[in-house]
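Below: the structure, in structure tokens.
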There are 2 protein chains.
Amino acid sequence: MAEKVTIATVARHARVSRQTVSNVLNAPHIVREETRLRVQEAIDALGYRANQAARQMRTGRSRLIAARIEPTRDGINGSVLDRFLHGLTEAAEAAGYRVMLYTATDTDREIATYDDLLGAYDLDAFVLTGTDHGDPRTAWLARRGVPFVTFGRPWDAPDAHPWVDVDGASGTAEATAHLLAAGHRRIGFIGWPAGSGVGDDRRAGWRRTLAAAGVDVAGLDREAVDGIAEGERHARGLLAEAAPTALLCASDSLALGALQAVRADAPYVAVIGFDDTPVAAAVGLTSVSQPLGEAAARCVDLLTAVLDGPHRTTDQVLLRPSLVRRHTA
Amino acid sequence: MAEKVTIATVARHARVSRQTVSNVLNAPHIVREETRLRVQEAIDALGYRANQAARQMRTGRSRLIAARIEPTRDGINGSVLDRFLHGLTEAAEAAGYRVMLYTATDTDREIATYDDLLGAYDLDAFVLTGTDHGDPRTAWLARRGVPFVTFGRPWDAPDAHPWVDVDGASGTAEATAHLLAAGHRRIGFIGWPAGSGVGDDRRAGWRRTLAAAGVDVAGLDREAVDGIAEGERHARGLLAEAAPTALLCASDSLALGALQAVRADAPYVAVIGFDDTPVAAAVGLTSVSQPLGEAAARCVDLLTAVLDGPHRTTDQVLLRPSLVRRHTA
DNA sequence: GGGCAGGATTGGATCGTTCAAGTTGCTGGA
DNA sequence: TCCAGCAACTTGAACGATCCAATCCTGCCC
């Protein structure tokens with residue numbers, strides 16, 4: 001078994017002091033080129049890797065980012081978080097950080113967990129998903145001065161803290177425009193009940209685009225709880241009462257339900273979903289795709305800007321989703 | 001802003017030495033009860049939390065477990081990993097460990113990542129998913145003496161290392177028995193190409209149960225690449241050529257495809273999937289459910305047995321899945 | 001009352017790194 | 001000639017916990 005390789009081992013091997021090795025790693029510009037190369041050679045030859053625990057003890061920085069993993073919820077949408085986490089892990093790795101997971105059943109326990117994680121592991125930052133109006137978690141973190149980013153806007157205070165989000169309205173607008181261009185005039189929308197920021201946003205893109213085109217939307221808007229069965233039910237209702245030629249849905253779950261209703265009753269009706277989940281790809285459902293990998297990367301960008309440099313950059317990032325065209329529209 | 005609370009702060013507050021505080025935390029039985037309570041009070045009052053970095057530097061243990069997060073693949077099955085990770089995070093938390101994520105594009109890079117993680121963070125253990133025949137990763141970890149568990153059996157050497165798995169054959173056997181009990185005799189199977197341990201295992205449960213019941217399976221077995229489209233194609237083939245009254249599938253993706261074929265051509269045919277994904281729940285698909293939360297918990301059990309105690313326990317755990325009955329069978 | 005056994009408690013060293021202060025050797029201006 | 005100023009590197013101390021060995025109690029027995 002190989003001996004433990006520390007900074008002292010490298011120093012001895014390269015005939016310099018520990019500090020010089022440390023400088024090669026953390027401040028290369030103050031070391032003479034010749035020395036730097038000699039030390040670098042020793043590092044490579046010995047396979048030295050800086051011990052994070054020791055570094056953290058001295059600097060108070062752990063190079064660890066916490067992200068919450070939620071239980072897969074009702075629908076198909078679990079994979080969205082899955083892909084976001086994957087992107088986050090990759091982006092963090094590229095920036096020299098690692099992702100640590102945590103769970104919590106309710107908000108109080110989640111805040112207790114923050115305390116725990118900060119106390120025991122000195123976490124550098126948090127990434128939150130699914131924050132809603134007046135979230136106590138962001139308030140707590142801000143009060144403690146802990147860096148964090150949310151994936152999802154704080155709808156009541158757009159510049160309260162750094163966030164990354166996807167412009168849902170732009171996505172539904174693009175989908176609606178695509179349907180208009182294909183000749184559709186009666187375009188139904190199956191969305192979530194009013195009051196959720198994300199749901200209202202997605203509905204707004206549809207409404208705005210049709211209004212701009214001078215198309216009437218009376219009777220074409222439905223509010224449904226997310227889920228395939230609900231999607232199917234509301235699609236049948238719309239088909240029966242409003243005679244739409246196309247259906248735009250706020251999620252792939254709803255769209256999948258709508259697709260079933262359409263296939264049975266009105267095969268010519270177009271259907272578009274939202275989130276571009278694997279299921280959409282599998283059944284050939286046209287869907288609005290969120291750039292989750294990029295969203296995750298920008299989250300890491302915002303965090304590293306705060307952590308690694310004092311230069312304040314833009315704190316909010318709004319990404320444009322894109323329409324993935326398949327068979328259903 | 002609160003002062004940093006260290007073991008020395010607690011010691012001063014409770015009028016004992018640092019060592020006594022440490023003993024209260026790590027070896028309570030050697031401290032007098034009265035003292036222990038006084039120290040515990042100080043800990044609570046000050047909100048003290050042991051600094052992991054310092055502890056790790058001295059003990060060489062990080063209380064960190066690494067788990068790989070894979071990109072969501074073709075099918076619906078991403079949520080399986082999602083749920084497993086969630087369970088892992090919870091179980092680890094309960095045992096005083098935390099989960100750190102990593103990704104890797106290929107096996108070589110993954111092993112390089114192990115080296116990195118071990119060198120920099122002193123990870124205590126790894127949880128691997130989706131190992132296959134003669135996996136170089138497990139060999140590498142074993143050679144280095146790093147504790148690890150796999151979720152999934154090493155099919156070529158059943159006792160090579162600790163693992164937790166779900167008995168797929170038992171799942172398909174139960175599903176087949178359920179179909180037999182409902183009066184079905186011509187039960188088709190749409191599985192994966194022979195050669196994958198998991199796929200062969202799931203097929204075996206179906207074959208074995210029908211053989212025991214004296215039912216012929218000639219022409220009823222199909223090998224399909226995973227995915228909804230493939231499931232639909234093979235289901236149509238089976239319906240046309242073998243006149244089955246029920247279809248058992250190796251995954252929910254395949255089953256969803258089969259369901260589409262069945263609904264179009266032969267609505268009376270029963271369909272059962274595997275994995276009980278959210279999609280199955282949403283469309284009412286009967287499916288075999290893996291106890292992912294328990295599997296994750298048992299993974300943590302195996303690891304803590306190795307890490308915290310010298311007592312060797314059982315190294316392999318095989319869990320039984322259960323059939324979730326819905327509308328399709 | 002003294003000595004002793006045994007457990008409770010203490011101070012000092014240590015893990016590997018970085019920070020702060022110091023040393024060395026050289027250049028250049030007064 | 002002398003010293004300020006700089007570059008390049010070295011040395012000592014500190015982060016916060018645990019381990020080790022030494023010391024202090026305390027009760028008990030003779």
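When reading the values below, keep in mind they use all heavy atoms of this one structure, side chains included, and skip hydrogens, waters and symmetry mates. Throughout, a chain's letter reflects where its sequence line sits, starting with A, and its residues are numbered from 1.
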* Asked: Considering only side-chain heavy atoms of Asn26(A), which listed nucleotide, dT18(C), dT10(D), dG16(D), is closest?
  -> dT18(C)
* Asked: Touch check for Thr59(A), heavy atoms < 4.0 angstrom, all strands: base, sugar-phosphate only, or nothing?
  -> sugar-phosphate
* To do: Tell me whether the OP1 or OP2 atom of dG16(D) has a side-chain N or O from Tyr121(A) closer than 4.0 Å.
  => no
* Roughly, in whole Å, what's the span from CZ in Arg38(A) to C1' in dA8(D)? -> 12 Å
* Asked: Between dA17(D), dT10(C), dC15(C), which nucleotide has the shortest distance from any of its atoms to the side chain of Ile7(B)?
  -> dA17(D)
* Structure fact -> Looking only at dG16(D), dT18(D), dT10(D), the nucleotide nearest the Ser22(B) side chain is dT18(D)
* Just checking, is any N or O donor in the side chain of Glu70(B) or Thr129(B) under 3.5 Å from an acceptor N or O on the other one? -> yes
* Which nucleotide sits closest to the side chain of Arg18(A): dA13(D), dG16(C), dA17(D)? -> dA13(D)
* Is the closest side-chain heavy-atom distance between Asp124(A) and Tyr97(A) below 4.5 Å? -> yes
* Please state how far atom CZ in Arg36(B) lies from atom P in dA8(C), giving the value in whole angstrom units. => 13 Å
* For Asn51(B) and for Arg32(A), locate the closest nucleotide of DNA chain D by heavy-atom distance; then report the residue assigned to the nucleotide nearer the 5' terminus. => Arg32(A)
* Asked: Checking all strands, does Ala50(A) fall into the base, sugar-phosphate, or nothing category for heavy-atom contacts under 4.0 angstrom?
  -> sugar-phosphate
* To do: Write down the distance between NZ (Lys4(A)) and P (dT14(C)), rounded to a whole number of angstrom.
  => 15 Å
* Structure fact -> Heavy atoms of Leu319(B) and Pro291(B) approach each other most closely as CB-CG, 4.0 Å
* Asked: Is there a side-chain polar atom (N or O) of Ser17(B) under 4.0 Å from OP1 or OP2 of dT10(C)?
  -> yes
* Structure fact -> Whole-Å distance, Met57(B) CE to dA14(D) P, equals 15 Å
* Does a distance-only test, which skips hydrogens and angles, find a donor-acceptor pair under 3.5 Å between the side chain of Gln19(B) and the base of dC19(D)? -> yes
* Asked: Just checking Thr20(A): base, sugar-phosphate only, or nothing, at a heavy-atom cut-off of under 4.0 Å?
  -> base
* Under-3.5 Å donor-acceptor pair between Arg58(B) side chain and dG16(C) base -> no
* Send over the distance from Arg12(B) CZ to dT10(C) P, rounded to a whole Å. => 14 Å
* Asked: Just by distance, do the side chain of Gln290(B) and the backbone of Asp167(B) share a donor-acceptor pair under 3.5 Å?
  -> no
* Asked: Hey, is the side chain of Arg55(A) pairing donor to acceptor with the base of dT18(C) inside 3.5 Å?
  -> no
* Side-chain donor-acceptor pair under 3.5 Å between Glu110(A) and Tyr102(A), yes or no? -> yes
* **Atom-to-atom span, CD1 of Ile30(B) to P of dT10(C) - whole angstrom** => 12 Å
* Whole-Å distance separating the OH atom of Tyr48(A) from the C1' atom of dG16(C) -> 7 Å
* Whole-Å distance separating the CD atom of Gln56(B) from the C1' atom of dA17(D) -> 11 Å
